[in-house]
Number of protein chains: 2
Amino acid sequence: MSTLAQGKADLERASTAQKVADMLRERVLDGELAPGLRLSEEAIGGALGVSRNTLREAFRLLTRDRLLVHEHSRGVFVRRPTGDDVRDLYAARRVIECGALRLWDTVTEAQREAVRAPVRQAVARAEKNDWTKAGQANIQFHRGIVRLAGSTRLSDESDRLFAELMLAFRVAQEINDFYQTYVPWNRRIVELLNNGQVSEAVDQLNEYFDAAEEDLVNRLDAQ
Amino acid sequence: MSTLAQGKADLERASTAQKVADMLRERVLDGELAPGLRLSEEAIGGALGVSRNTLREAFRLLTRDRLLVHEHSRGVFVRRPTGDDVRDLYAARRVIECGALRLWDTVTEAQREAVRAPVRQAVARAEKNDWTKAGQANIQFHRGIVRLAGSTRLSDESDRLFAELMLAFRVAQEINDFYQTYVPWNRRIVELLNNGQVSEAVDQLNEYFDAAEEDLVNRLDAQ
DNA sequence: GATCGTTGGATTGTTGAACGATTCTACGAT
DNA sequence: ATCGTAGAATCGTTCAACAATCCAACGATC
């Protein structure tokens, strides 16, 4: 059965536009393509060896994910998140993640473990000063929370929100030291959950959002 | 100021692909293009007088909105929502709308009125047996709830969820008589809110989702 | 009679070129 | 220094072409 699923994954081969979009997404998220940069159709298409039409399809996919912004007759640009964007993102996260976390007592043990495990990993990575991996584990923690809701649509949209947020982190130059503050916070949330104090855990998550949002907005507006 | 806003709206002229997508979206939502139908690039492009490339752009937009599904080398089809789709949609709605409704005491009066007004309208329309308008007002009610969260990203995504849900309603042939049952329910929710019983209103909303989901899933699986 | 290749036609995936429309840039006039 | 204008660069859209893929019909085999 797992081999069949594997085979199906192979069957669903990506289109050229999809592959180009995946490559560009990486470049945007690791900062190689800086926020605000304009992506010329001719230049990028030439460099990647794809036609303009195919490249435009890839641009559209990334625009859907809010990593690029499209301006009519001007081209596409790497999104440069503003303070307002961050506020909007956290308003959405508050509703989604706090709402999902409230379902803690109704979900399967596997779903709960998908929330706990990333925190253990983040703690371990943080002790080794590997903040890149710690940051990835932190995202897995929040992805796990969203998945408590049991909706693939909600999970997919949240992944887009997370990706957009990563852009904001980059602009705020907050990639490394940010998690140093908040890893302990996540740990406390999991402790409360294991204690059966779901409501208190939700409160902590809300406070975490308050602090993270304010920190990020301040750094963005300072620029 | 309003004239300036008007001028700006004119400036943001829609691209051809956007206009084509809007037209197709209407056709899909009012059932002219039935769920499951395959949309031939050549046939539709010829009928609308746009090139294949432009039409494919429009298809991408509607695929993002989940009204169409794309199958590699096979074409695009009008989505035919399944019971699982509906369960997924309601799992997302539960988290989003209940989470947003919990913010009732923290939002502006204008935001609260955007929840109450559509219910009054739905009641009035229902008394005149105008179920189409009553249904539209019902959607405005739920849109108003989502907007309590204050996130445009969340509101936009919810609009897509609603559109997809309308497709499911159509497949279930539940366009007219559905709201007859649930308009009074919405009314009760607003009464509770006006009474300051936010928590009870959330419970009612949750029960509404339970009932609506089960009803819709049953009708879909029966086919 | 049912299952399995094969073949040909239809549709999609991708490319390249073309041209009008729009934006940007640089230069010169006031 | 500001404004307007001409020219270059880029985008929006269309068209034609060909390879890759899918599909339906037809026989071949057991």
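Residue numbers begin at 1 in each chain, while the letters A, B, ... track the order of the sequences.
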Does a side-chain N-to-carboxylate-O contact under 4.0 Å join [X] and [Y]?
X	Y	answer
B:R60	B:E57	no
A:D22	A:R25	yes
A:D85	A:R66	no

Whether [X] contacts [N] is assessed here as follows: a side-chain N or O lying under 4.0 Å from the phosphate OP1 or OP2. Is that the case?
X	N	value
B:T16	D:dT13	yes
B:S73	D:dT21	no
B:H72	C:dT11	no

[N] [atom2] sits how many Å from [X] [atom1], rounded?
X	N	atom1	atom2	value
A:H70	D:dT10	NE2	P	16 Å
B:R38	D:dT21	CZ	C1'	12 Å
B:K19	D:dG12	NZ	P	14 Å
A:E42	D:dA8	CD	P	16 Å
B:E41	D:dC22	CD	P	15 Å
A:L48	C:dT14	CG	C1'	15 Å

Inset, instruction - Identify, residue by residue, the members of residues 52-64 of chain A with a heavy atom below 4.0 Å from DNA chain D, and return them in order of residue number, or none. - result: A:R52, A:N53, A:R56
Inset, instruction - For the residue pair B:N218 and B:E214, establish whether any side-chain heavy-atom pair is separated by less than 4.5 Å. - result: yes
Between the protein and nucleotides 24-26 of chain C, which nitrogen or oxygen pairs are less than 3.5 angstrom apart?
{"unit_1": "C:dC24", "atom_1": "OP1", "unit_2": "A:R74", "atom_2": "NE", "d": "2.2"}
{"unit_1": "C:dC24", "atom_1": "OP1", "unit_2": "A:R74", "atom_2": "NH2", "d": "2.8"}

Legend entry - Donor-acceptor pair, side chain of A:D65 and main chain of A:L67, under 3.5 angstrom: no
Legend entry - Sidechain-backbone polar pair: A:N186 side chain, A:N138 backbone, donor-acceptor under 3.5 Å: no
Inset, instruction - Name the nucleic acid region contacted by A:G49, choosing base, sugar-phosphate or nothing; use a 4.0 angstrom heavy-atom cut-off, strictly under. - result: sugar-phosphate
Legend entry - Pairwise ring-ring contact (aromatic ring centres under 6.0 Å, His included) hits with a residue in residues 135-159 of chain B, at least two apart: B:H142-B:Y208
Legend entry - Nearest non-hydrogen partners of B:L154 and B:A149, listed with the distance: CD2-CB, 3.8 Å
Inset, instruction - Supply the atom-to-atom distance A:R56 CZ to A:S51 OG, rounded to the nearest 0.5 angstrom. - result: 10.5 Å
